[in-house]
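Below: one structure, written as structure tokens.
Atoms considered below: every heavy atom in the structure, side chains included; atoms not considered: hydrogens, waters and symmetry mates. Chain letters run A, B, ... following the sequence lines, proteins first, then strands; residues in each count from 1.
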Amino acid sequence: MLTNKDEFNIEDFYAHYLKGPKIFQKREALETSYVPEELPHRDKEIKKIAELTACALIGDAPSSFLCYGMTGTGKTATVRYVSQKLTRHARAKKPWWIYVNCNVVSTPYRILAHIYNTISNRERIPPTGLPKDVIFKQLLGLLDQKVGDSVCFLVLDEIDILSDKKGGNEILYDLTRLNENLDYCKTSLIGISNKLNFKKYLDPRVLSSLGGECPIVFHPYNANELADILKKRAAIAFYPGTHEEGVIRYCAALAAEENGDARKALQLLKKAAEIAQRKHSKKILERHVDEARLELEKDQVEEFILGLPFQAKLVLTAIYLISKYFPNHVIISGDVYDVHSELCNLLPKKRKLTERRISDYINELTLAGLICARIKSRGYYGRTKIITLSMGLDMLERILSKEESIAELLNYRPLSLQKDKVKINGAVFKKLY
DNA sequence: TATCCACAGGAAATCAGGGTGT
DNA sequence: ACACCCTGATTTCCTGTGGATA
């Protein structure tokens, strides 16, 4: 047995945990995938979708439509909610609902395969290998055979991701025209998008068949609405007496600041409850919410960085090393290229990347908010990007050190920056020849 | 004021690695 | 064994450009 006080004893930990007060009654109620019995503050949207889809009850195909709104405004939840009610009211002709998250199922081939496999209830279509048109034909046959004369709803969540992928517009076009090739079954497409400007990139033919001119718009929740949502969920998720209105309102207020994102509000409340339980508190307190907020932020950054492709991590490492060893140096894209290729030389089996590719990684890291890069023209010294880290060196080091092969690079002092420096407008740049 | 640097970033091609049916 | 397919990562090729400097 362990004797050292500082060491973690898993036996004691679990025993202690079980003895503590219980907060969670039904944890799933705080998950975003949970569909509650009532959906507060979405009456208008529910009504619109219900009206649009009602004809499926008598076997007619509703016209396709789009739902817009920022993340956490209840788009997916509302569609799922209506789908449950509709299915409950349908008698003979039960509609089918196929959900596709385009963020997960992200290529045209996989969308077709996913739809096919969901309907057939078996993994009939392999993850790759077949020509698309073959799958398309098989899908048509399956729809007529399995769905018969009912309606099949195809819900494409995060549909905006498709519009900037190659082949994305084609697959949407094909899906909107499914009905023309079907004998019995009818399909209806429901697109869910986070981006309001997504229409711009959409094929006009697809847009018109999706009824793009009058989409259903979901507005962000305000703090009071978020509080209502949380209250209802908390009543299901927690034991009575474990939470007070003040804490709920606090979570709601914090999430309202972040674009009224209900998903964030739920995450925050769940995390706060977990912290309270971990700390053997009988109630969730405001300070648990504060802690939860910090932990969530950290978790998200860490998850994102560790989930990056290796070369992207290496680009980030290059920026980290320059910031660490040359704190007064103004980092430009050229520096990142140089240091990145230095790092590649240190790692066996890692090929150098072209500047073009690294430029894309710099953009991706910027988009994620990990770094800040802005284009600057330096006249005779050319046009480049000025890059700064948007997060603390300590935190970045802690995260990067979790990747084995990168951990050993974190104390490497880049050589390419030690050569020649030049001063322009008081800032130190690499010397140009 | 024309020049010219060091890139930015779009588009298309290529490659490797996973698969298919015949 | 073979021709062919799909995907994601990357390369190749290319045109465009802001603004200090000559």
Side-chain angles (χ1 to χ4, degrees), chain A residues 100-117 120 122-139 141 161-172 174-175 200-201 203 307-316 318-319 322 329-341 343-345 347 349-368 371-388 416-417 419-433:
Chain A
V100 184
N101 186 333
C102 303
N103 201 13
V104 183
V105 185
S106 57
T107 65
Y109 179 96
R110 286 186 194 148
I111 289 175
L112 291 174
H114 176 84
I115 297 171
Y116 187 100
N117 289 335
S120 73
R122 265 190 242 167
E123 295 283 316
R124 286 275 180 80
I125 303 281
T128 171
L130 297 175
K132 271 194 293 263
D133 53 329
V134 172
I135 303 184
F136 196 76
K137 280 198 190 109
Q138 289 197 31
L139 179 63
I161 289 174
L162 285 182
S163 60
D164 46 46
K165 288 213 169 185
K166 54 176 188 298
N169 262 317
E170 279 93 293
I171 181 72
L172 287 177
D174 287 344
L175 289 178
K200 268 195 283 184
Y201 308 101
D203 188 313
L308 285 170
F310 183 82
Q311 288 288 14
K313 285 183 202 144
L314 210 55
V315 171
L316 190 58
I319 299 170
I322 305 172
H329 181 81
V330 175
I331 308 173
I332 63 169
S333 358
D335 298 329
V336 182
Y337 304 149
D338 290 348
V339 176
H340 175 272
S341 50
L343 296 179
C344 284
N345 287 337
L347 293 169
K349 283 190 265 175
K350 285 293 163 198
R351 282 207 349 251
K352 283 183 192 175
L353 295 183
T354 53
E355 300 190 350
R356 181 68 190 82
R357 186 71 188 114
I358 292 180
S359 168
D360 277 345
Y361 277 134
I362 290 174
N363 287 342
E364 277 173 44
L365 295 174
T366 308
L367 214 63
I371 61 173
C372 172
R374 58 194 164 81
I375 296 174
K376 171 109 172 89
S377 195
R378 298 176 299 153
Y380 244 59
Y381 297 99
R383 222 157 87 96
T384 183
K385 267 183 180 156
I386 308 283
I387 298 159
T388 44
S416 42
L417 282 168
K419 292 180 206 157
D420 306 283
K421 305 277 170 56
V422 71
K423 258 193 171 185
I424 303 168
N425 292 340
V428 183
F429 287 97
K430 205 170 65 174
K431 185 164 178 181
L432 303 138
Y433 302 96

Nearest-Å distance, CD1 (I362(A)) to P (dC7(B))? 10 Å
Footprint string (nucleotides 17-22 of chain B, 5' to 3'): B base within contact, S backbone only, - free, heavy atoms under 4.0 Å: -BBSS-
Rounded to whole Å, CD1 of I125(A) lies from P of dC5(C) at a distance of 16 Å
Considering only side-chain heavy atoms of S106(A), which listed nucleotide, dG16(C), dA22(C), dG8(C), is closest? dG8(C)
If you round to the nearest 0.5 Å, how far is OG1 of T354(A) from OH of Y337(A)? 9.0 Å
Compare side-chain N and O positions of T107(A) against OP1 and OP2 of dC6(C) and report whether any pair is under 4.0 Å apart. no
Are L308(A) and L365(A) side-chain neighbours, meaning at least one heavy-atom pair lies under 4.5 Å? yes
Check the distance between dA8(B)'s P and E364(A)'s CD and give it to me in whole angstrom. 14 Å
Please report, rounded to the nearest Å, how far the C1' atom of dG18(C) is from the CD1 atom of I332(A). 15 Å
What distance separates I135(A) CD1 from I111(A) CD1, expressed to the nearest 0.5 Å? 11.5 Å
Distance check: side-chain N/O of Y337(A) vs OP1/OP2 of dA8(B), anything under 4.0 Å? yes
Hey, could you give me the CD/CD1 distance between E364(A) and I358(A), rounded to the nearest 0.5 Å? 12.5 Å
Is the shortest side-chain heavy-atom distance between E170(A) and P108(A) below 4.5 Å? no
Hey, are the side chains of I386(A) and I332(A) touching, using non-hydrogen atoms and a 4.5 Å cut-off? yes
So does N363(A) get a side-chain nitrogen or oxygen closer than 4.0 Å to the phosphate oxygens (OP1/OP2) of dG9(B)? yes
Rounded off to whole Å, could you give me the CG-to-P distance for the D335(A) and dA6(B) pair? 12 Å
Select one nucleotide: of dT21(C), dC6(C), dG9(B), the one nearest the side-chain heavy atoms of K385(A). dG9(B)
Of K350(A), H340(A), R357(A), R351(A), which meets side-chain hydrogen bond (donor to acceptor under 3.5 Å, both in side chains) against Q311(A)? H340(A)
Pick out the pairs of N or O atoms, protein on one side and nucleotides 10-14 of chain C on the other, that lie under 3.5 Å.
{"residue": "dT10(C)", "atom": "OP2", "partner": "R357(A)", "partner atom": "NE", "Å": "3.1"}
{"residue": "dT10(C)", "atom": "OP2", "partner": "R357(A)", "partner atom": "NH2", "Å": "3.3"}
{"residue": "dT10(C)", "atom": "OP2", "partner": "Y361(A)", "partner atom": "OH", "Å": "2.4"}
{"residue": "dT11(C)", "atom": "OP1", "partner": "K352(A)", "partner atom": "O", "Å": "3.3"}
{"residue": "dT11(C)", "atom": "OP2", "partner": "T354(A)", "partner atom": "N", "Å": "2.9"}
{"residue": "dT11(C)", "atom": "OP2", "partner": "T354(A)", "partner atom": "OG1", "Å": "2.9"}

Length of the line joining R378(A):CZ and dG19(C):P, which is rounded to integer Å: 13 Å
Side-chain N or O of S333(A) closer than 4.0 Å to phosphate OP1/OP2 of dA6(B): no
Counting only side-chain nitrogens and oxygens, does R110(A) get under 4.0 Å of the OP1 or OP2 atom of dG8(C)? yes
Take the protein atom OH of Y381(A) and the nucleotide atom C1' of dC5(B), then report the distance between them rounded to whole Å. 10 Å
Quick one: which of dG19(C), dC5(C), dT7(C) gets closest to the side chain of S377(A)? dG19(C)
Check whether any side-chain N or O of K376(A) sits under 4.0 Å from OP1 or OP2 of dA6(B), and answer yes or no. no
L316(A) and Y361(A), any side-chain heavy atoms less than 4.5 Å apart: no
What is the distance, to the nearest angstrom, from the CD1 atom on I161(A) to the P atom on dT7(C)? 15 Å
A side-chain contact here means heavy atoms from C-beta on lying under 4.5 Å apart; do N101(A) and V105(A) qualify? no
Interatomic distance, S333(A) atom OG to R383(A) atom CZ [nearest 0.5 angstrom]: 10.5 Å
